[in-house]
Amino acid sequence: MAKGTIKTNTPPPAPVVAPPGKSTKYKVKYTITVMSGKGGVGKSTVAVNLAVSLARKGLKVGLIDADINGPDDPKLLGVSDLKLYADEEGIIPAETRYGVRVVSMGFLIPTEDTPIIWRGSLMHKAIQQFLEDVNWKDTDVVVLDMPPGTGDVALSVAQLIPESNGVVIVVTPQDVALLDAKKAINFAKQLKLPVLGIIENMSGFVCPHCGNVTYIFKNGGGEKSAKEYNLPFLGKIPLIPEIAENGDNGIPAVVINDKIREIFDSITDQILKEAQIENIKQ
């Protein structure tokens, strides 16, 4: 058996600092970034419903689907068949029936099963174009639906718009999801991005027949993490079959489900308060 010591790498003693390159072209006043530490927590579903909920409050909302490799937002908004066009003022975001304008790689690939096989530099350029080359004129707030994790795209966004109004972290209650969510929280803190709060998704299955709640993925983990990091806990979104069914049909749940609408109304009110977004049109 080999003998000796195992050498391990240690993290840098100083916080990671975003490289220079702040955008001078992105002019939207308010930007809310939706992140998760891992995939499979329903982040895109939350981001889309959050955007629609903000629009229902009278705001002019843009949605950037920054998940270059997994662009799901067009399908969730029922606009997968649209394409993006441009005029002299820039790329025109796709209009939806829900008051949200959206840009996504999903509009730029030939078929929905076409993979995006890009290295980080190309993804950085795509994100830069979504921010700078899209005509976001008259938009009150942009929701940035990030890919899972804390890699190239997350760093690109932090680099381009370091004065974002803040990050919303989406988690599910089980320990492994919370572990990865804590990495996203620390990523935001190291890059000096304010964390607006934590949303616990898939927080208990609500039986459609009797209404009883079964906590499939444990209970209360998101709230516990919020307390641990001294962050606002924005709310719990239960497992309701209608959310998935309607999302597959391009209908955000906040449009047709009263319970989900009430939950997101509460969440968006807290986010607007934490982000200090003013002049709300209601």
Side-chain angles (χ1 to χ4, degrees), residues 16 18-19 21-23 26-39 41-55 59 61-73 76 93 100-105 123-124 126-132 134 136 139-171 180-199 201 222 226 229 231-232 234-235 264 267-268 270-277:
V16 177
K22 175 183 174 182
S23 174
Y26 179 70
K27 301 297 185 181
V28 180
K29 187 175 182 181
Y30 299 115
T31 304
I32 297 169
T33 303
V34 181
M35 290 186 69
S36 65
K38 67 185 298 296
V41 301
K43 172 190 53 57
S44 289
T45 297
V46 171
V48 164
N49 280 278
L50 174 61
V52 175
S53 180
L54 288 166
L59 291 164
V61 180
L63 175 64
I64 296 178
D65 187 354
D67 193 346
I68 302 298
N69 296 113
D72 296 329
D73 292 359
L76 293 170
V100 175
R101 298 186 301 159
V102 57
V103 293
S104 170
M105 280 302 299
M123 290 193 285
H124 174 96
I127 295 301
Q128 188 171 14
Q129 286 190 288
F130 284 170
L131 291 167
E132 296 183 343
V134 173
W136 292 118
T139 300
D140 295 318
V141 57
V142 160
V143 176
L144 260 166
D145 179 14
M146 299 287 280
T150 57
D152 280 339
V153 172
L155 188 58
S156 291
V157 170
Q159 170 187 342
L160 289 163
I161 47 172
E163 296 171 359
S164 158
N165 295 86
V167 176
V168 173
I169 307 292
V170 180
V171 306
D180 290 330
K182 291 175 181 179
K183 294 182 177 71
I185 293 169
N186 285 321
F187 169 88
K189 288 188 172 183
Q190 288 186 41
L191 293 171
K192 297 180 173 57
L193 298 173
V195 180
L196 302 175
I198 293 176
I199 297 172
N201 194 28
Y229 283 86
L231 296 171
L234 300 173
F264 270 94
I267 289 172
T268 52
Q270 292 179 77
I271 289 173
L272 292 171
K273 179 180 177 181
E274 292 295 331
Q276 298 181 357
I277 295 179

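Because the structure is a prediction, the values reported are computed rather than measured.
Residues Tyr30 and Thr139 have side chains not in contact (no heavy-atom distance under 4.5 Å, counting atoms from C-beta outward). Put simply, the side chain of Leu160 reaches to within 4.5 Å of the side chain of Glu132, judged on heavy atoms. Side-chain contact check for Val142 versus Phe130: every heavy-atom pair is 4.5 Å or farther apart. Side-chain atoms of Ile198 and Ile185, non-hydrogen and from C-beta on, do get closer than 4.5 Å to each other. The closest side-chain heavy-atom distance from Val34 to Lys43 is below 4.5 Å. Counting heavy atoms from C-beta on, the side chains of Thr45 and Asn201 never come closer than 4.5 Å. By the 4.5 Å heavy-atom criterion applied to side chains, Ser164 and Val157 are not counted as neighbours. Side chains of Asp180 and Val41 form no contact here, defined as non-hydrogen atoms less than 4.5 Å apart.
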Under the side-chain contact (heavy atoms from CB on, under 4.5 Å) criterion, do Thr268 and Leu50 qualify, and how do the steps go? CA-CA 7 Å; Thr268 52; Leu50 174 61; 3.1 Å; yes
Show the numbers, then the answer: is there a side-chain contact (heavy atoms from CB on, under 4.5 Å) between Ile277 and Ile32? CA-CA 10 Å; Ile277 295 179; Ile32 297 169; 3.9 Å; yes
Evaluate the side-chain contact (heavy atoms from CB on, under 4.5 Å) criterion for residues Leu272 and Val141: first the C-alpha distance (whole Å), next the side-chain angles of each, then the deciding distance (0.1 Å), finally the verdict. CA-CA 10 Å; Leu272 292 171; Val141 57; over 6 Å; no
Steps toward side-chain contact (heavy atoms from CB on, under 4.5 Å) verdict (Ile267, Ile199): CA-CA 8 Å; Ile267 289 172; Ile199 297 172; 3.7 Å; yes
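Expressed to the nearest 0.5 Å, how far CG of Leu191 lies from CG of Leu155 amounts to 6.5 Å. Here the straight-line distance linking atom CG of Leu231 with atom NZ of Lys189 works out to 5.0 Å at 0.5 Å rounding. Rounding to the nearest 0.5 angstrom, the gap separating the CG atom in Leu63 from the OG atom in Ser44 is 8.5 Å. Distance check: Tyr26 OH to Ile161 CD1 gives 5.0 Å after rounding to the nearest 0.5 Å. If you take CG on Asp67 and CD1 on Ile127, they are separated by 9.0 Å, rounding to the nearest 0.5 Å. In this structure, Met146 CE and Ile169 CD1 are separated by 10.0 Å, a value rounded to the nearest 0.5 Å.
Nearest heavy atom pair, residue Val170 against residue Ser36, reads O-CB, 3.5 Å. In terms of heavy-atom proximity, Gly222 sits nearest to Val171 at CA-CG2, 3.9 Å. The shortest non-hydrogen separation linking Pro71 to Ser104 is CB-OG, 3.3 Å. Ala66 and Pro147 get closest at one heavy-atom pair: O-CD, 3.5 Å. In plain terms, the two heavy atoms of Lys29 and Asn165 that are nearest each other are O-OD1, 3.3 Å. Of all the heavy atoms in Trp136 and Val103, the pair that sits closest is CZ2-CG2, 3.8 Å.
The closest donor-acceptor contact from the side chain of Asp145 to the backbone of Ala47 lies at 3.5 Å or more, if one exists at all.
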